2 protein chains.
Amino acid sequence: MKEHSCTRCDQYSDSGPCPRKVPIFISLSDKEILKITRMVSQKQFKKGQALIHEGEKSDKLFIINKGQVKRSKFTVNGKEQILDIMTCGDFFGEMNLFNTEEVNNFTAYAIDDTEICVLTKDDIDVIMSAHPDIAIKLLKEVTRRLAHTENLAQSLATKDPEVRIAQMIVEYCDKFGTEVKEGILISLPITREEIASYVGVTRETISRKLGKFEDLGLISLVGNKKILVKDERSLIEYIE
Amino acid sequence: MKEHSCTRCDQYSDSGPCPRKVPIFISLSDKEILKITRMVSQKQFKKGQALIHEGEKSDKLFIINKGQVKRSKFTVNGKEQILDIMTCGDFFGEMNLFNTEEVNNFTAYAIDDTEICVLTKDDIDVIMSAHPDIAIKLLKEVTRRLAHTENLAQSLATKDPEVRIAQMIVEYCDKFGTEVKEGILISLPITREEIASYVGVTRETISRKLGKFEDLGLISLVGNKKILVKDERSLIEYIE
DNA sequence: CTATTAAGGTGATATAGGTCACTCCAACGA
DNA sequence: TCGTTGGAGTGACCTATATCACCTTAATAG
């Protein structure tokens, strides 16, 4: 269970060097962190801005220091598919570090005002040759992300929209939920339309199914940006 | 374009040590390869046999030496989702090497009589500490596989079954096709039912859509195990 | 505070693909 | 060679969700 504004950041001073916040660098000493901190260049992005574009070349690793980022793919007719929502400490762009001939496989948007640390491929090469265990950390994270994406694919292919929506709610309990007396309160970082783009249905279907779950007493909609999950257990059963 | 029986193997003696066939070991010297060859244990699997099961613990890397393997996930009600078909030189099981607390995220079946080389986590640790660049090779492969799975997820979520089927045919032209005078002849390693499980539709829909594509003159069905693609260009346009 | 725009809800309708039931065919073993 | 079995094709029907059109509510700027 994670606070909406990221817990990993809160462990450290808010203004501290961002490499400190990144799990893949966690094993490094203060001196080494300092060295990396000097390499990174900081970038600010306003809510709604794109950080990278699908199809473009890149050789940079993006590490989220503050804010939230959605990774999306678009079809030719403009239909969006959200891959995931990333928060503080998460990174992306790693594919282009190791496959230099490939282009970005997705577009990334700031969904809040966002602060990003950027490391170039050259920086990473230097860091990794000095600290080979960082490659292992990366492998750990990337292989886990692969498993998560495989689960997403399975879910999209084999499960009914209704079940997928229940699944999304349960996932977001972990990711964006805080425990309150009546259950778990999810602070959504995205709109209904974006939820639809994540679950692979239309906005209308999201409205209707959330309404249905509310009627069943499983959840309670609090404005448009919050969902109170009153009966997570039943939602999990729903998923089977 | 790849021959059905894998080209990577054919580059070397058929009976040669399997680490030679694996791209991630390609940079190693003969002496080092020999060392690894002594570590691997060979295993044989008959057509249809499961190599590993979803949900079970494992700390082994499986490298395909001969034959073909499908990686699948199943829902509680037995619906299969095929993640991909792997051939000679491909590996799987890497997630469990780096996330030791995790269980297998998929089941793997031999779809031919198959020969597998198995390396344990301990072996890999030894190899990687001696050759840090192997971690990079792994990262290269895994990040690319992640991109491919993200594409699969997008396709399942945003594209019509009909389009996904066209997409699958185009993908299989590359993977299982050989050029012939009339076009590209795909030798399918799987049944209609399995195609359906890959594309995320029912067997009936596969039958009907393949029939439709045949009527349109785009393909020609040759028995049940071959598809002659007469007009790949139009299929690609179909995908948009 | 109002005006404007973006986001969200909802009813009516159409339809693609799922489901079911059956037939046909091909592969394989005896 | 036949017979058995699993794979594949096909028609009839059904239903969940996309679509379309419209209305309502929330957010934002001036």
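In this text, all values refer to a predicted model and were calculated from it rather than measured experimentally. The figures that follow rest on heavy atoms only: side chains count, while hydrogens, waters and symmetry mates do not. All chains are named by letter (A, B, ...) in the order of the sequence lines, taking the proteins before the strands, and each is independently numbered beginning at 1.
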Tell me, with the steps shown, if B:N104 and B:E54 meet side chain to side chain donor-acceptor pair (under 3.5 Å). CA-CA 5 Å; B:N104 292 326; B:E54 186 173 357; over 6 Å; no
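As rounded to whole Å, 17 Å separates atom P of C:dA14 from atom CD of A:E204. For the pair B:D160 CG and D:dT17 C1', the computed distance is 12 Å after rounding to whole Å. Atom-to-atom, CD of A:E194 to P of C:dA7 comes out at 8 Å; the value is rounded to the nearest Å. Going from atom CD1 of B:I206 over to atom P of D:dG9 covers 10 Å, rounded to whole Å. Whole-Å rounding puts the A:K212 NZ to C:dG9 P distance at 17 Å. Look at CG on B:N77: it is 10 Å from P on C:dT19, rounded to the nearest Å. Spacing between atom NZ of A:K159 and atom C1' of D:dA16 amounts to 19 Å, rounded to whole angstrom units. Rounding to whole angstrom units, CG of residue A:D215 and C1' of C:dT10 are separated by 13 Å.
Taking only distance into account, the side chain of B:R192 never meets the base of D:dG6 through a donor-acceptor pair shorter than 3.5 Å. Put simply, the side chain of B:R203 and the base of D:dG9 share a donor and an acceptor less than 3.5 Å apart.
Put simply, the side chain of A:R71 never gets that close to the backbone of A:M86: no donor and acceptor are under 3.5 Å apart.
Of the side-chain N and O atoms in B:T202, one or more sit less than 4.0 angstrom from OP1 or OP2 of C:dG18. Residue B:K209 has a polar side-chain atom (N or O) positioned under 4.0 Å from OP1 or OP2 of C:dG17.
Taking only side-chain atoms of A:R208, from C-beta outward, the nucleotide of D:dA21, C:dA12, C:dG8 with the closest atom is C:dA12. Out of C:dG17, D:dA18, D:dA8, the shortest distance to the side chain of B:E193 is found at D:dA8. For A:T191, taking side-chain heavy atoms from C-beta onward, the closest of the listed nucleotides C:dG8, D:dC20, D:dT17 is C:dG8.
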Output a table of nitrogen or oxygen pairs between the protein and nucleotides 27-30 of chain D separated by less than 3.5 Å.
none

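For B:E150 and A:T149, the side-chain atoms include no donor-acceptor pair closer than 3.5 Å. A:K73 and B:N151 are linked by a side-chain donor-acceptor pair at a separation below 3.5 angstrom, with hydrogens and angles left out of the test.
Remark: B:K70 qualifies as a cation-pi partner of B:Y109 under the 6.0 Å distance and 45° angle criteria applied to the six-membered ring.
Using a 4.5 Å heavy-atom cutoff, the side chains of B:L188 and B:F176 are not in contact.
Each of A:T205 and B:S207 lies near DNA chain D, and the nucleotide nearest B:S207 is the one positioned closer to the 5' end.
Just one of B:E194, B:E80, B:Q81 meets the side chain to side chain donor-acceptor pair (under 3.5 Å) condition when paired with B:S72; it is B:E80.
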